[in-house]
Amino acid sequence: MKNILLSLFAITLTAQASFGGNWLGSGPWANGAYYPGQFDGVYSATMFAGSPSVVSGVMGFGLRNGSVSTSSSNTAATDTVQTTITVDPLQNYFVTFIDGVTYAGLTVANVNNQVNQVSGGLYSGFSPTYTLATTNTVVTFNTNSPPEIASSNNTVEFTTVQDTCSGGFTATLTGKKAIITFSGDNTGTLQTTDFSGRPSAPQNTFSLNGMKVGNQIAETSQTSVTQ
């Protein structure tokens with residue numbers, strides 16, 4: 001009897017250890033999630049402590065069914081409807097302040113809980129528009145000998161332009177159970193370019209801290225009619 005009781009006790013301990021490993025380790029759902037769609041939702045992060053320039057801002061990104069959240073728009077023409085799918089700008093965005101200029105653009109990101117990493121890209125960041133004045137000088141020579149300048153005409157052209165900004169980031173998951181959080185120390189990069197596409201300053205690095213701030217909302221859809 002004593003041996004039977006010891007065997008049952010050993011089996012019980014083994015079963016408890018097995019269940020304990022399941023609860024304390026990865027979750028049982030896809031990619032180790034603790035419940036279906038755990039990482040779907042809306043995320044927000046702060047951007048700070050840039051180098052060599054000061055970077056300050058916020059970014060957000062959304063995940064739906066494990067991938068970047070999108071929105072669709074329908075354009076209705078005669079007997080046809082064209083559907084365009086884009087990154088949802090209400091969830092995937094960034095606004096950052098660099099060297100006195102604010103840039104606003106779009107974000108795409110992914111959460112990989114298997115390696116405890118968040119990674120993403122920042123693109124289509126635009127500064128406010130500004131105006132460039134260009135002076136064109138037209139010089140006319142006469143036909144006499146020796147030639148002399150007959151007239152000089154100056155015209156000014158005004159062009160509206162924008163500078164751009166793009167980059168990327170990685171961060172480490174610091175919490176992935178009840179509250180999903182992440183952070184990165186100088187793990188983000190941002191490059192500003194002028195209106196001609198040339199880098200306007202050295203590439204900046206920045207730090208970030210973020211968390212999941214909400215559950216997923218329904219996909220938005222807009223319809224426009226063209227004749």
- [ ] I would like to know whether V161 and Y130 meet side-chain contact (heavy atoms from CB on, under 4.5 Å); could you show each step before the answer?
- [x] CA-CA 6 Å; V161 296; Y130 59 95; 3.4 Å; yes

Task: Residues F169, M59; criterion side-chain contact (heavy atoms from CB on, under 4.5 Å); working and verdict - done: CA-CA 11 Å; F169 66 93; M59 72 169 72; 3.6 Å; yes

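Listed for the Q162 side chain is no donor-acceptor partner under 3.5 Å among the backbone atoms of D194. With hydrogens and angles disregarded, no donor-acceptor distance shorter than 3.5 Å links the side chain of T205 to the backbone of G188. A donor-acceptor contact shorter than 3.5 Å is absent between the side chain of N110 and the backbone of S119.
Taking every heavy atom of both residues into account, F158 and A133 meet most closely at CE2-CB, 3.7 Å. Residues A201 and Q191 share a closest heavy-atom pair of O-NE2, 2.7 Å. What you find for C165 and L190 is that their closest heavy atoms are SG-CD2, 3.5 Å. Scanning all heavy atoms of the two residues, the minimum distance from D99 to S53 falls at OD2-OG, 3.0 Å.
T86 OG1 to N92 CG: the interatomic distance, rounded to the nearest 0.5 Å, is 9.5 Å. Separation of atoms CG (L106) and CZ (F126) is listed at 9.5 Å; rounding is to 0.5 Å. Taking CG of D185 as the start and CG of N209 as the end, the distance is 9.0 Å to the nearest 0.5 Å. Here the CG atom belonging to L208 is positioned 7.0 Å from the CZ atom belonging to F48, to the nearest 0.5 angstrom. Atoms OG1 and CD, from T189 and Q203 in turn, are 4.5 Å apart once rounded to the nearest 0.5 Å.
T192 and S200 share a side-chain donor-acceptor pair at under 3.5 Å. A donor-acceptor contact under 3.5 angstrom links the side chains of T181 and T174, judged on distance only.
Atom CD1 of I179 has 12 or fewer neighbouring heavy atoms from other residues, nucleotides or ligands inside a 6.0 Å radius.
Contact annotation: the side chain of K176 never approaches that of V111 to less than 4.5 Å [non-hydrogen atoms, C-beta and beyond]. Proximity of T96 to F206: side-chain heavy atoms (C-beta onward) are nowhere separated by under 4.5 Å. The side-chain heavy atoms of T187 and Q117, taken from C-beta on, include no pair separated by under 4.5 Å. At least one side-chain heavy atom of I180 sits less than 4.5 Å from a side-chain heavy atom of L173. F195 has its side chain out of reach of T159: every pair of non-hydrogen atoms, C-beta onward, lies at least 4.5 Å apart. Counting heavy atoms from C-beta on, the side chains of N204 and P52 come closer than 4.5 Å.
Under a hydrophobic-cluster definition in which Ile, Leu, Val, Met, Phe, Trp and Tyr are linked whenever side-chain heavy atoms come within less than 4.5 Å, directly or via other members, V87 and Y103 are assigned to different clusters. V68 and V42 fall into different hydrophobic clusters, where Ile, Leu, Val, Met, Phe, Trp and Tyr residues are linked whenever their side-chain heavy atoms come under 4.5 Å apart, directly or through other members.
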